[in-house]
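Right, one structure below, let's go through it.
All values below come from the heavy atoms of this structure, side chains included, with hydrogens, waters and symmetry mates left out. Note that the structure is a prediction, hence the values are computed from the model and not measured. Within every chain, numbering begins at 1; the chains are lettered A, B, ... in the order of the sequence lines, protein sequences first and strands thereafter.
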Number of protein chains: 2
Amino acid sequence: MSLDDLKIERAPLSLRGKLVEQLRLAILEGRFAPGERLPESRLCEAFGVSRGLLREAMQQLAAEDLVVNIPHRGPVVASIDQRQAEEIYRVRGVLEGLAAEDFARNASPAQRQRLYDITAELHDLADESRAGERVEVKNRFYETLIEGADNRVVGQFLVQLNNRVSQLRRLSLSVAGRYPETLREIDRIIDAIKAGDATAAREAAEDHVRRATDVILAQFPASSSGEMPDQQKEE
Amino acid sequence: MSLDDLKIERAPLSLRGKLVEQLRLAILEGRFAPGERLPESRLCEAFGVSRGLLREAMQQLAAEDLVVNIPHRGPVVASIDQRQAEEIYRVRGVLEGLAAEDFARNASPAQRQRLYDITAELHDLADESRAGERVEVKNRFYETLIEGADNRVVGQFLVQLNNRVSQLRRLSLSVAGRYPETLREIDRIIDAIKAGDATAAREAAEDHVRRATDVILAQFPASSSGEMPDQQKEE
DNA sequence: CGATATATTATTGTTAGCAATTCAATGACC
DNA sequence: GGTCATTGAATTGCTAACAATAATATATCG
């Protein structure tokens, strides 16, 4: 009898690890609205874990800036204002530029081919009827880029920044009409990578983020004076 | 009677907050060696807090990559290898470039003057006899740069990266003879800021980090094959 | 001496409970 | 009727003690 199937799952991930993952996912999916309070008791019951464990997990999410701990009020889903969004996209620009530069330098032939294939997929989604599939493919594009760049620090930071703006991305799906432009910008990155021009790849990637930022920031109301935090749902 | 002194200290910082600060400081100061285990029981006794609280604090430090949680072995002080150091300095380069660029754009006249003053201080420390004072002034230089750049996301990331390489910085104090070069590189950043050339400021800052990286990486042994983790002390 | 079995130690996760604080609502008072 | 103090419910902050599991050291036996 073969021994290959006897591998038992050795510590498939600590309970705390799973809890953090699920909590993070729930926030990223928008199952908790920004600004919504997250009372420990409710979450403990919902996830079936003890308070101590939940509080440990919450500290980690707080360190990722996904939740904010308000003293004696408890954790609240973080919501970002326009200024934070500007800062995040500015940083994301240079990090994505760095990732593109390193991809042009370090990526293996297989990784390059994979990126080209995904780019072709993106072109296939030019028709507006398939706009819904774009996000998933675009995510794979970034995953491949980061993997090929072979710099885990950049990868970790980019993922973290991306998580923080997940609310905005969800809302920005309605913005249409920019896709042809997006494709041209991505092609510029790919062309630079194919040419082995790491500097050009970096500039093209920075430029792509810069242009996309405008679309994101347009979501914010015309910056009125009164900053009313958006938390009315689910209460 | 004046009302200015009546401000009571509202929540002077939760016990957990203080604990995290002290633990982080202890690691940054090198009071725990990289690779050293941090048993809960000992730390609880040392800091006089309960286990629950300590574990919450530890999760936050783990999220900052200052400690690593090994399943069923407990937290260990993170130690970085050459590859991680390269990645960190590469990211730090572009972030510091971004900070310099934004400083050239956004800093107030007072902030600019403060940066110039600190630069003058650095020049005053050219004599090798005062090498010990350089680190503190250099830290103030970066603090001022980040503050004037007015981008909290960049600031947070830079602080975090700096913390992660604190072990290396401590060891690199012995490297002498590069200070005149360092001053020239910093002057290039300052000149660009004075000229209002944000792009040049960015490039000068990136270049400065790039050159400093070589000195840091020289600390690593000539990458032998066997990767023996460095943990012998205090056991 | 070497391999296995055992005992000890340490971490993981849970539960219960008390103190401290916040927030909302009730009621008193002008 | 409106403002202010007080009460009370809800929630967090923190501690202590317990069971379960895995890693390590120790002892035992061949």
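- A salt bridge links A:Asp150 to B:Arg83: one of the charged nitrogens lies within less than 4.0 Å of a carboxylate oxygen.
- In this structure, A:Leu19 atom CG and C:dT12 atom P are separated by 15 Å, rounded to whole Å.
- Side-chain contact between A:Leu43 and A:Phe32 is present, with heavy atoms from C-beta onward closer than 4.5 Å.
- For B:Asn163, the side-chain hydrogen bond (donor to acceptor under 3.5 Å, both in side chains) criterion is met by no residue, not counting sequence neighbours.
- Judged by a 6.0 Å distance limit and a 45° cone about the ring axis, B:Arg169 is not positioned over the six-membered ring of B:Tyr142.
- Remark: P of C:dG13 and CZ of A:Phe47 are 16 Å apart, rounded to the nearest angstrom.
- A donor-acceptor pair under 3.5 Å is absent between the side-chain atoms of B:Glu56 and the main chain of A:Arg55, judged by distance alone.
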- Can you give one letter per nucleotide of nucleotides 8-14 of chain D, 5' to 3': B if a protein heavy atom sits under 4.0 Å from the base, S if only from the sugar-phosphate, - if neither? ---SBBB
